There are 2 protein chains.
Amino acid sequence: MLDLAILGLLLEQEMHGYEIRRRLRDELGLFANISFGSLYPALSRLERSGAVTVAGSGGAVSAPIPATGSLGGERAGLRARRAGSTLGTKRSRKVYRITDEGRTLFEQLLEGDEPAGTDDARSFGLRLAFASHLAPSARLALLERRRAQLTRRLATDLARASGERLDVYTRSLVEHSTEATEHDIAWLDRLIESERLRQAPMRPAEASGDLETTDSTDLGDPRSGGAMTSTSPSGAS
Amino acid sequence: MLDLAILGLLLEQEMHGYEIRRRLRDELGLFANISFGSLYPALSRLERSGAVTVAGSGGAVSAPIPATGSLGGERAGLRARRAGSTLGTKRSRKVYRITDEGRTLFEQLLEGDEPAGTDDARSFGLRLAFASHLAPSARLALLERRRAQLTRRLATDLARASGERLDVYTRSLVEHSTEATEHDIAWLDRLIESERLRQAPMRPAEASGDLETTDSTDLGDPRSGGAMTSTSPSGAS
DNA sequence: TTTCGATGTATCAGGTTGATATATCGGATG
DNA sequence: CATCCGATATATCAACCTGATACATCGAAA
């Protein structure tokens, strides 16, 4: 899940870990604050699997590989690296670059079925953020998959809401959650419609009444927006 | 986090693990589908710490303690347990009951600062679901803490939204997220207002038009809110 | 009768999180 | 000029959660 986000960012330009985190926070907004304990292991994983390569460090020559291992329980291994030499400009920062293999992986992850273990909303939001890398049909499929998902959720939420004997606060929570889901669905409907228009080859204006032809770079509704929100557990939030 | 949910349910009546899961799903709605790999360890934890006790098993006598250990890396240890003997009536189900200690813990968890590591929305939703166990003032504090949180989020989200150069899809995502946050804040405002009314000693009916006492199960102001700002990553979910 | 799905407890590998350790750089303050 | 502090930067850890899977029993359909 995180891998997709990392690869997506590296697609644009090479970066070091810290910056990836910053971009994820400031641009994507997803992963409010991805933790380093998650980010660095992910980068190691990707490097090991050949999806990314380290393209030079800011100055230090980065040891060939610190030999991560050490399973057994030793504690050692963290002094060195002081090797004061080419401390060029910045600091020891490892700049990552995506490989062709990585590009392939990115596409698989982007299109592939949710690999499970995913958060649902988070996973969808991430994919949507990179939707411009998808073929139009895949993009539409993504939106519709999500819509179906939310519709299912709405059904169970409504069922729960009618179940009597609910605490006042619990009821408010459930109702708010339901509303949020409805709001999300409406948003998706707008996105889907705008996708459809974009894909329609702009037929010969046959249909008279049908207006709005489109154009729509931004679909109409000035208020569009909407959050993916959650609905899910929270509601709140 | 999960501990709070479990204790909250056991407060009402004793239950076995499977049922706790069911109630969490069907009633609370939070934790859409809490995993067993999360639930059972949590129950063990709570039992070990004395917050709950096992109040009889459906039939089997439950082994004294399987000795979880084995740190080191060995792989073994998973055959046994076949020991066919006292397979009583029903099935081996462990019914949990909350203790006085557990009740104390519940209150601490419910009121305590978010212990970190929490999901934010999920954590708030859970607390709200058990809000009737809080003193009115603590309830209000919970709502206001959450509101402040969302307001902060809205601020950063708006900042991101104005940052130019955003992909069409990313922008839609951010906008939707912003709206969802605003919606959440408006909801909280309604809850807060209704809480305040409930707490107001119902002054001498001074205000003429004001009626009803209460009830208010569902409050009024359609557009209250105020919100502006923020947005964070989605709602999450 | 056998098969299948619901009930039930339990464990595991893998991934995430917040906290923390280490290290360097640039600026503010005294 | 020294020193403190915050931002930049990489890395690890314990604790926890998730989905998958294993094991086991029961009731009902086929």
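All figures in this text were calculated on a predicted structure; none of them were measured in a lab.
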Using the side-chain heavy atoms of K94(A), tell me which of these nucleotides is nearest: dT10(D), dC17(D), dG8(C).
dT10(D)
Whole angstroms only, please: what is the CD1-C1' distance between I6(B) and dC17(D)?
12 Å
Base dG18(C) paired with S35(A) side chain (donor-acceptor, <3.5 Å):
yes
So, OP1 or OP2 of dT10(D): does either fall under 4.0 Å of a side-chain N or O from Y40(A)?
yes
Quick one: L39(A) CG to dA19(C) P, roughly how many Å, whole number?
17 Å
Can you tell me how the ring of F106(A) sits relative to the ring of H133(A), calling it parallel under 30°, perpendicular over 60° and tilted otherwise?
perpendicular
Salt bridge or not for R23(A) and E19(A), using N-O below 4.0 Å?
yes
Walking DNA chain C from its 5' end, the first of P41(B) and G37(A) to be reached, judged by nearest nucleotide, is P41(B)
OP1, OP2 of dT18(D) versus side-chain N and O of S38(B): anything below 4.0 Å?
yes
Side-chain donor/acceptor of R152(B) to backbone N/O of R147(B), under 3.5 Å:
no
Atom pair distance, as rounded to whole Å: CG in L24(B) and C1' in dT18(D)
15 Å
Nearest to the R122(B) side chain among dA11(D), dT8(D), dC17(D), which nucleotide is it?
dC17(D)
Picking from dT7(C), dT17(C), dT8(D), which would you name as closest to the side chain of Y18(B)?
dT7(C)
Just how far, in rounded Å, is P of dA9(D) from CZ of R21(A)?
12 Å
Nearest whole angstrom, please: distance from the P of dT10(D) to the CG of L43(A).
8 Å
Rounded distance (Å) that lies between atom P of dG14(C) and atom CG of L2(A)
17 Å
Please give, in whole Å, the distance from dG19(D) C1' to R25(B) CZ?
16 Å
Using a heavy-atom cut-off of under 4.0 Å over every strand shown, decide if G17(B) touches base, sugar-phosphate, or nothing.
sugar-phosphate
Out of dT17(C), dT16(C), dC17(D), minimum distance to the side chain of I34(A) belongs to dT17(C)
Hey, is the main chain of G37(B) close enough, under 3.5 Å, to the side chain of S35(B) for a donor-acceptor pair?
yes
Quick note, H16(B) side chain, CB onward, closest among dT9(C), dT16(C), dA11(D) is dT9(C)
What is the nucleic acid contact for R45(B), judged by heavy atoms within less than 4.0 Å: base, sugar-phosphate only, or nothing?
sugar-phosphate
Can you label the angle between the F124(A) ring and the W187(A) ring as parallel, tilted or perpendicular, going by 30° and 60°?
perpendicular
Can you measure L109(A) atom CG to dG15(C) atom P for me and round it to whole angstrom units?
12 Å
